[in-house]
Amino acid sequence: MPRQLGPPLWLALMVLQTALPPGAGGRRQGFLERTLILLDVSTRSPVRVLNENFLSLQLDPSITADGWLDFLSSKRLVTLARGLAPAYLRFGGKRTDFLQFHNLKNLAKFRGPSPDYYLKNYEDDIVRSDIALDKQKGCRLASHPDMMLELQREKAAQMRQVLLKEQVSNIYSDTTITARSLDKLYNFADCAGLHLIFGLNALHRNHDNSWNSSSALSLLKYSAGKKYNISWELGNEPNGYRTMVARSINSSRLAQDYVMLKTLLQSVRYYSRASLYGPNVGRPRKNAIVLLDGFMRNGGSVVDAVTWQHYYMDRRVSKVEDFMKTRLLDTLTEQITKVLKIVKTHAPGKKVWLGGVGPAWAGGTNNLSDTFAACFLWINTLGISAMHGIDVVLRHSFFDYGYNHLVDQHFNPVPDYWLSMLYKQLVGPQVLAVHVAGLQRKPRPGRVIRDKLRIYAHCTSFYNHNYVRGSITIYIINLHRSRKKIKLAGTLRNKTVHQYLLQPLGSDGLHSRSVLLNGEPLSMVDDETFPELKPRALRAGRTITMPPTSIAFYVIKNINAYACRR
């Protein structure tokens with residue numbers, strides 16, 4: 001009987017391989033044959049239960065500067081956002097702390113001279129659309145002319161360089177969000193079935209370095225008057241303020257600011273019970289760790305969930321192989337462990353959110369972080385975060401100026417979008433323990449055999465009416481450049497399985513921006529219609545074969561798992 005490997009609560013286990021005897025099958029000596037993996041799942045009770053909005057989204061405030069905010073009413077963009085609902089939508093990022101709210105009804109007067117990239121009739125159309133938005137109850141969706149979108153893309157391309165220069169240099173210009181812009185933002189979130197979390201400017205300070213809440217109070221009163229259902233944050237990566245503006249905010253002051261904001265929310269009747277999240281520290285290195293620890297010790301437990309951010313790499317990454325390094329993928333586990341230790345010390349039981357995560361820093365890397373290669377980082381993030389009990393993961397970004405997005409500026413989904421959509425449809429919040437057995441190749445002296453086959457299991461989403469309660473979804477990442485065979489054992493033996501196999505489309509390989517689902521390309525039918533996500537039924541008892549460098553979801557249909565029936 002093959003021995004069980006690793007603790008039963010771990011959901012990602014080591015690849016198991018063995019060498020053929022010399023000359024076997026005419027193959028050269030030392031060739032590594034694909035080893036059969038035996039896989040089982042504990043079905044009595046979940047090891048974690050996560051937020052139903054576990055996979056959620058982020059929208060960067062840069063859209064107020066590059067003009068894309070005016071296009072959030074796009075019928076196609078709202079449709080794509082609906083495909084990932086229910087979820088939170090965090091409006092926050094680097095420019096959160098340079099954002100000021102102005103309650104101005106006439107946006108055209110505030111924006112100054114009309115930009116020369118728009119024809120005047122399109123400018124007039126935008127203004128008329130804005131006026132109609134206030135009068136219209138419910139969702140207002142638009143179909144923008146192709147010429148209008150092309151002109152906007154030209155403007156956004158020019159603005160992208162400005163925004164990128166700001167982010168690299170850490171010198172930012174102030175940005176204004178008006179009442180009209182807030183209306184558009186909330187209309188988008190509400191129409192798409194997303195709950196808006198709005199990040200308030202923490203760098204708006206008085207002379208004594210205390211937080212100046214005047215702009216925030218104005219925004220709260222306006223939103224309350226509109227009855228906008230919003231949750232709130234304060235600031236973004238406060239551990240980096242010294243670099244950005246040569247001003248630091250210590251942990252004690254930051255905790256006081258959050259207590260002040262909580263009091264402010266309670267003073268506005270409509271938001272007296274609104275949720276508050278923070279402090280959105282950056283990657284938990286030395287300064288961020290010290291700040292988070294002090295924040296929690298000095299009253300930071302006032303937040304409803306503790307938030308922090310993680311990015312895997314910087315923009316200097318130039319090879320697709322960098323996105324598949326197991327050492328890189330494992331950095332997330334190290335960061336989660338540090339954050340959970342602090343939170344458990346000061347506020348046991350407090351929820352922890354990964355409040356912003358993306359493949360690469362500073363907007364990502366063209367032809368890498370927007371391709372199939374990035375899918376491995378994204379699904380790894382979801383799997384490891386769920387395994388450790390991170391309650392919500394907010395993806396940076398749903399739609400923005402860089403290359404970390406799920407939807408590009410032509411309103412087309414990139415591979416990470418289709419992966420996210422499948423995850424939403426198939427994976428529920430109950431996390432199950434995975435057990436793997438097989439043969440292990442003897443390691444060479446001085447060489448570490450890293451985990452390149454990662455296996456996770458959850459109850460199937462209750463929102464998916466194609467599967468009855470009690471079904472299980474297993475998702476697997478194969479980082480190997482050879483196929484791997486997996487045999488379902490124990491409680492999974494001889495059960496009907498539905499396969500959803502994701503692979504890159506075309507000759508570009510891992511650089512592809514298109515995806516195959518079970519061999520069929522995925523693309524939108526029209527602005528309001530998704531393709532049918534058809535599974536491939538596998539014969540009961542059949543061995544699962546994972547192609548090289550691929551990702552797959554497997555739904556075990558008729559298992560009637562006790563952990564998934566409640």
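Count residues from 1 along the sequence.
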What is the ring orientation for H195 with Y88, classed by angle as parallel under 30°, tilted 30 to 60°, or perpendicular over 60°? perpendicular
Specify whether Y186 and Y228 have parallel, tilted or perpendicular ring planes, treating 30° as the upper limit for parallel and 60° as the lower limit for perpendicular. parallel
Electrostatic pair [X]:[Y] at N-O distance under 4.0 angstrom:
X	Y	result
R95	D174	no
D257	R205	yes
R513	D370	yes
E528	R76	no
D330	R327	no

[X] [atom1]: over 12 foreign heavy atoms closer than 6.0 Å:
X	atom1	result
K338	NZ	yes
N206	CG	yes
K350	NZ	yes

Using every non-hydrogen atom in the two residues, find where [X] and [Y] come nearest and quote the distance to one decimal.
X	Y	answer
L354	S385	CD2-OG, 3.9 Å
C191	R82	O-NE, 2.8 Å
S275	D304	CA-OD2, 3.3 Å
C375	P415	SG-CB, 3.6 Å
D97	A202	OD1-N, 2.8 Å
S397	D60	OG-N, 3.8 Å

Looking only at side-chain N and O atoms, does [Y] offer a donor or acceptor that is under 3.5 Å from a partner on [X]?
X	Y	result
D408	Y417	no
S181	T178	yes
N51	D391	yes

Verdict with supporting geometry, F295 and Y258, ring-ring contact (aromatic ring centres under 6.0 Å, His included): CA-CA 10 Å; F295 175 80; Y258 267 84; 5.2 Å; yes
Interatomic distance, F91 atom CZ to Q58 atom CD [nearest 0.5 angstrom]: 10.5 Å
Working to the nearest 0.5 angstrom, can you tell me the gap between L55 CG and L50 CG? 11.0 Å
Would you check if the side chain of T307 reaches a backbone N or O of W353 as a donor-acceptor pair within less than 3.5 Å? no
For H405 and F398, what are the C-alpha separation, side-chain angles and deciding distance, and is it a ring-ring contact (aromatic ring centres under 6.0 Å, His included)? CA-CA 5 Å; H405 45 233; F398 173 71; 9.8 Å; no
Under the side-chain contact (heavy atoms from CB on, under 4.5 Å) test against V357, which residue among L332, L382, L377, V393 passes? V393
Just checking, R395 and W378: is the charged tip under 6.0 Å from the six-membered ring centre and within 45° of the axis? yes
Is the F411 to F399 ring centre distance short of 6.0 Å? yes
Tell me if the centroids of the rings in H144 and F71 come within less than 6.0 Å of each other. yes
